[in-house]
2 protein chains.
Amino acid sequence: MSSTRDQIIETTCILLEAQGYHATGLNQIIAKSGSPKGSLYYYFPQGKEELTAEAIARSGRIVERNIRAGLANNKEPAEAIANFVRSIAQAVESSSFSAGGPLTTVALETVNSSERLNLVCREAYGWLRDAFAEKLVAGGYTPERATRLATFIVSVIEGGIILSRTNHSGDPLRHVADELGDYLRAASNTETRVQ
Amino acid sequence: MSSTRDQIIETTCILLEAQGYHATGLNQIIAKSGSPKGSLYYYFPQGKEELTAEAIARSGRIVERNIRAGLANNKEPAEAIANFVRSIAQAVESSSFSAGGPLTTVALETVNSSERLNLVCREAYGWLRDAFAEKLVAGGYTPERATRLATFIVSVIEGGIILSRTNHSGDPLRHVADELGDYLRAASNTETRVQ
DNA sequence: GTCTATAATACGATAGAC
DNA sequence: GTCTATCGTATTATAGAC
């Protein structure tokens, strides 16, 4: 696969995360990536929308991989997930936001204006949810219960990232990690689980 | 207070919520509100940033009021909050997004580009958190515990709104409402509460 | 595949009459 | 307070040489 193409997508991911969709210009992307504008429309004939769709998909896969890798550090889902959220808190504070990626900002910006981008965002959220759900299933939850819990987990993490980014502090995410850990421990104690 | 000024702010709130900050143009605002461009810069000499700051503040106060009104329907915090989240699920499905307002989208879009807008978003999130926290305090929680729980609650609601909007379905928010209700009921049973 | 020049359009902001 | 015309600068996208 072309390195120029990859470079463009990767640069787009970074800029989308920092600025959002409408604030990120194609000129800025080609300038930062060092690629020529002719190449951009050669690799992405449908322009900005197509490029953004690819960037969102790649970002989603990377976040999914990070989730799976992070959760593998601990056998017990409650501890694994709480620790993973704490690691996001640190990532947000060190200004390397590769935790949430451009997903949330672009999802909100384009929900009413681009069906294509809305679909890829929806798909990416599904990947994240399933990564958590599979960890919960491995921990003994039924698939149905795991999916519902995973939706809750993705929600609370996304919301926590927003509060932490807005406040320039990892504290909201750390509070979220504590509460989420408490909840999951309580759930694993009271619910019927197949071990 | 001038009606023209109010009209401009209100229109801005609606457009910001549907499209975000960078996709909403001043020309679009004056066209939809029926106000002249001369008036816009008369009432908001500092332009788009000042107008948006006012719109965010107004939106934040409205959401805060909605939260307080919604939570007043039920004495027990756990039930009150779960039911409130369910009401947001319905609001999202009926396409009248006055639940989350333009807050989240603008917060993410401007976190790295406008200190003024970042500050007003941070302030608004504080109002929402405090509204939940006061309900929890009234329900017997200590102020410190209530604030932490309220941060968690705002996070999970914001995240749930994002998932529900992206999926064009109230289901994610309803799952969130169920889980949140479970958690708050469990917390109120196990924790020491001053009644 | 790459590059440059440019078209077409929209943006935020301003000036100055009324 | 209101209105219009306009400036300067972005944007996305395209055309055509190499």
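Worth saying up front: this structure is predicted, and the values here are computed from it rather than measured. Labels below follow one simple rule: chain letters A, B, ... track the order of the sequence lines, proteins then strands, and each chain is numbered from 1.
The environment of CD in Gln28(A) is crowded: more than 12 heavy-atom neighbours from other residues, nucleotides or ligands sit within 6.0 Å. Residue Glu115(B) places its CD atom among 12 or fewer non-hydrogen atoms of other residues, nucleotides or ligands, all under 6.0 Å distant.
Applying side chain to side chain donor-acceptor pair (under 3.5 Å) to Tyr125(B) and the options Thr104(B), Thr151(B), Asp130(B) leaves one that passes, Thr104(B).
Between Tyr183(A) and Tyr183(B), the ring planes are tilted. Angles from 30° to 60° get that label.
Summarising the geometry, the separation between CG on Leu26(B) and P on dG8(D) is reported as 19 Å, rounded to the nearest angstrom. We find that NE2 of His22(A) is positioned 19 Å from P of dT9(C), with the value rounded to whole Å. Remark: C1' of dG16(D) and NZ of Lys37(A) are 16 Å apart, rounded to the nearest angstrom. Rounded to whole angstrom, the span from the CD atom of Gln7(B) across to the P atom of dT2(D) amounts to 12 Å. The distance from atom CD1 of Ile8(B) to atom C1' of dG12(C) is 15 Å, rounded to the nearest whole Å. Atom pair Phe44(B):CZ and dT2(D):P shows a separation of 12 Å (rounding to whole Å applied). As rounded to whole Å, 10 Å separates atom C1' of dG12(C) from atom CG of Leu40(B). Between the P atom of dC3(C) and the OH atom of Tyr41(A) lies a distance of 17 Å, rounded to the nearest Å.
Two residues, Asn27(A) and Gly38(A), neighbour DNA chain D, and the one matched to the more 5' nucleotide by heavy-atom proximity is Asn27(A).
Backbone-only engagement by Thr4(B) is indicated by non-hydrogen atom pairs under 4.0 Å involving sugar-phosphate atoms exclusively. Residue-level contact check: Gly25(A) touches the backbone only, with heavy atoms under 4.0 Å from sugar-phosphate atoms and none from bases. At the heavy-atom level, Tyr43(A) lies under 4.0 Å from the strands shown only through sugar-phosphate atoms. Backbone-only contact: Gly47(B) has heavy atoms under 4.0 Å from sugar-phosphate atoms and none from a base.
Checking the phosphate oxygens (OP1, OP2) of dG1(D), no side-chain nitrogen or oxygen of Ser39(B) falls inside 4.0 Å.
Minimum atom distance to the side chain of Pro36(A) is reached by dC3(C), of the listed dC3(C), dA5(D), dA13(D). When distances are taken from the side chain of Tyr42(B) to each of dA13(D), dT4(D), dT2(D), the shortest belongs to dT2(D).
In the model, Tyr21(B) has no side-chain atom that pairs as donor or acceptor with a side-chain atom of Thr12(B) under 3.5 Å.
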